[in-house]
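Read through the structure below, which is laid out as C-alpha cells, and then see the notes.
To find a chain, count down the sequence lines: A is the first, B the second, and so on, and within it residues start at 1. All figures in this text were calculated on a predicted structure; none of them were measured in a lab.
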Protein chains: 2
Amino acid sequence: MDTDEIEKFSRMFKALSNPGRLRILLELASCIPKEGFSGTQQEQENSQQNFAQCLGLAQSTVSHHFKELRQAGLLYMRRDGQKTIISVNFEALESIQKLLK
Amino acid sequence: MDTDEIEKFSRMFKALSNPGRLRILLELASCIPKEGFSGTQQEQENSQQNFAQCLGLAQSTVSHHFKELRQAGLLYMRRDGQKTIISVNFEALESIQKLLK
DNA sequence: TTCATACTTCGACATATTTCGATATATAAA
DNA sequence: TTTATATATCGAAATATGTCGAAGTATGAA
C-alpha cells in the first residue's frame, strides 16, 4: 500500500475521529437513501441547525464538521436553492471495511 | 447508539488517523496470525526499531504510537522476556466494519 | 427591495497531537 | 556485575484541531 493510499485512509479516519462528526455521518448514512436524497421530512432533520441542536454545538462548528467530512471524501454536498443536498459516499465506507478485513 | 459507544469508536478512528499508526496496524494485522504470535522471523520485523526505521520516526515516537493503538483497544501487548508479544484485536476491527455497513 | 433562511468564512483562543532527544526501566547475556 | 537490547517515560517545541461569535454570501419569499 503506497503513501497516497495510506494518507487517504488516515484522512478518512481523522474525519471520523471526532464524536460530533461520527454522529453526523452515521445519522446521514442511516437515513439517506443511497441513490440520492430529495425527501421532505428528512430535509429538516438534516439541517445544520438541527445537528447543531442535537449535538450541543454552534452552527458554525457543524458547518466546519461537514466541510471536514466532505474534504475527507466521506460525503458529497450540493446546493439546490435554499437546500443543501447531502449524499454519503458509501463507496468510501466500503473501502474502509475492505481495508480492515 | 449511545455516547459511550460513539466515543469508543471515535477513539479507535483517532488511533487510525495518523499515517504512521495506520501503517503499523495494517502491517501487524497482515503478518500476525490471529491466534497469537510467537514466531521467529516476524519477531525482528515487528520490533519498534524496525518500524521506526521503516517509517522514518524515532523509537520513542513509535513507542508512543503503540501505546495509542493499545489504549484505543486495537491491539494487545505483553512482555515475554526481551520480546513484546503483540496481537491485533480483530474483534475491534470487525466492530468498525459493522459500524460502517 | 427588504427580510428570512441556510450555510460559509474569519479571527481568535484553548486544548490536543506529533515528534524529538534524553533518560529510565526491564530483561537476558557475557 | 557489567553490558546489550528492547521498550517506556519525560519535558519541550511546533503544529493541528475544536470551538465559538460575528460577519459574509446566496437563495427565495414578502
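- Where Met77(B) and Val62(A) meet DNA chain D, the nucleotide closest to each residue was compared, and Met77(B) sits on the side nearer the 5' end.
- Inspection of the Gln59(A) and Gln48(A) side chains reveals an N or O donor paired with an N or O acceptor under 3.5 Å.
- The nearest whole Å value for the distance from the CD atom in Gln59(B) to the P atom in dT18(C) is 17 Å.
- OP1 and OP2 of dT7(D) both lie 4.0 Å or more from every side-chain N or O belonging to Ser63(B).
- Between dC20(D) and Thr61(A), a contact under 4.0 Å exists linking OP1 or OP2 to a side-chain N or O.
- Nearest nucleotide to the Leu57(A) side chain, out of dC7(C), dC20(D), dA26(C): dC20(D).
- Taking only side-chain atoms of Asn18(B), from C-beta outward, the nucleotide of dA26(C), dT9(C), dT18(C) with the closest atom is dT18(C).
- Between Phe13(A) and Phe13(B), the ring-plane angle classifies as parallel under the 30° and 60° cut-offs.
- Contact check, Asn46(B) against dA6(D): no side-chain N or O comes under 4.0 Å of OP1 or OP2.
- Comparing dA26(D), dT8(C), dC20(C) against the side chain of Gln48(A) picks out dT8(C) as the nearest.
- The listed nucleotides are dA8(D), dC20(D), dT5(D); the one nearest the side chain of Gln82(B) is dT5(D).
- Backbone-only contact: Arg21(A) has heavy atoms under 4.0 Å from sugar-phosphate atoms and none from a base.
- At dT9(D), one or more side-chain N or O atoms of Lys67(B) fall inside 4.0 Å of OP1 or OP2 (strictly under the cut-off).
- In this structure, His64(B) reaches the bases: a heavy-atom distance under 4.0 Å links it to at least one base atom across the strands shown.
- Regarding contacts with the backbone of dA6(D), every side-chain N or O of Thr84(B) stays at 4.0 angstrom or more from both OP1 and OP2.
- Look at Ser60(B) and you won't find any side-chain N or O under 4.0 angstrom from OP1 or OP2 of dC20(C).
- Proximity of Asn50(A) to the phosphate of dA6(C): no side-chain N or O atom is located under 4.0 Å from OP1 or OP2.
- At dT17(D), one or more side-chain N or O atoms of Lys14(A) fall inside 4.0 Å of OP1 or OP2 (strictly under the cut-off).
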